[in-house]
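The structure appears below as structure tokens.
Atoms considered below: every heavy atom in the structure, side chains included; atoms not considered: hydrogens, waters and symmetry mates. Below, chains carry the letters A, B, ... as their sequence lines are ordered, and counting in each starts from 1.
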Amino acid sequence: MAPSFSSTDGLARERRPPGAFAADVRSWVQRIPEGKVASYGDIAALAGSPRAARGVGAVLNGLTEGSDVPWWRVVNRSGELTIPAELGRRSLQRTLLMSEDVRFTPGGRVDLARHHWTGPDGE
DNA sequence: AAGGTGACTGGCG
DNA sequence: TCGCCAGCCACCT
């Protein structure tokens with residue numbers, strides 16, 4: 001039987017100009033409300049590439065110091081801060097989140113039940 | 001241009 | 001619920 005995958009594969013990964021994804025990621029991260037957090041996967045989905053969670057991390061990793069993108073509001077699916085500790089930013093991320101009254105569980109994770117932002121509809 | 005890296009995630013035991 | 005494994009996609013050299 002011929003591979004009639006047509007468009008039923010559910011993921012129409014439309015090829016876009018280089019950097020378009022990155023620009024979209026930054027745009028969405030900027031929309032995360034203060035006191036809220038989103039997962040890498042959430043941002044990836046909003047940016048049009050649900051499977052590119054790691055790509056989101058790569059984009060945030062490339063942010064410059066003068067950037068107005070609230071990178072600290074992006075955590076992993078479990079609410080953990082997965083930034084490399086060596087960069088010294090992991091503790092900074094936690095500090096910034098706490099300054100926005102984001103609560104952490106005893107296990108050191110963001111209380112997603114209370115602070116998880118999943119997009120424009122979810123706010 | 002090609003291959004390696006990683007601020008992830010879903011699936012499984 | 002937790003830990004481990006493999007797949008994924010964009011970025012960088």
Polar side-chain contact A:Arg51-B:dG10 base: donor and acceptor under 3.5 Å: no

Side-chain donor/acceptor of A:Ser99 to backbone N/O of A:Leu96, under 3.5 Å: yes

Rounded distance in Å - CD (A:Gln93) to P (B:dA7): 13 Å

Side-chain N or O of A:Ser39 closer than 4.0 Å to phosphate OP1/OP2 of B:dT9: yes

Separation of atom CZ in A:Arg77 from atom P in B:dT9, rounded to whole Å: 6 Å

Nearest-angstrom distance from the residue atom CZ of A:Arg54 to P of C:dC9: 12 Å

Separation of B:dA7 P from A:Leu63 CG (nearest whole Å): 13 Å

Worked check of side-chain contact (heavy atoms from CB on, under 4.5 Å) between A:Val75 and A:Gln93: CA-CA 10 Å; A:Val75 300; A:Gln93 180 174 25; 4.0 Å; yes

Distance below 4.0 Å between A:Thr82 side-chain N/O and B:dC8 OP1 or OP2: yes

Distance, nearest 0.5 Å, that separates CH2 of A:Trp72 from CZ of A:Arg89: 11.5 Å

Sugar-phosphate only, base, or nothing, as touched by A:Phe21 at under 4.0 Å among non-hydrogen atoms: sugar-phosphate

Residue from A:Val74, A:Val37, A:Asp42 passing side-chain contact (heavy atoms from CB on, under 4.5 Å) with A:Ile32: A:Val74

Between C1' of C:dC11 and CG of A:Asp24, the distance in whole Å: 16 Å

Atom-pair distance (CG on A:Asn61; P on B:dT5), nearest Å: 15 Å

Rounded interatomic separation in angstrom, taking CZ from A:Arg16 and C1' from C:dC11: 17 Å

Complementary nucleotide for B:dG10 - Watson-Crick or wobble, under 3.5 Å: C:dC5

Distance (rounded to the nearest 0.5 Å) between A:Lys36 NZ and A:Glu100 CD: 11.5 Å

Touch class at under 4.0 angstrom, heavy-atom based, for A:Ala44 against every strand present: nothing

Nearest-Å distance for atom pair OH/P, residues A:Tyr40 and B:dT9: 8 Å

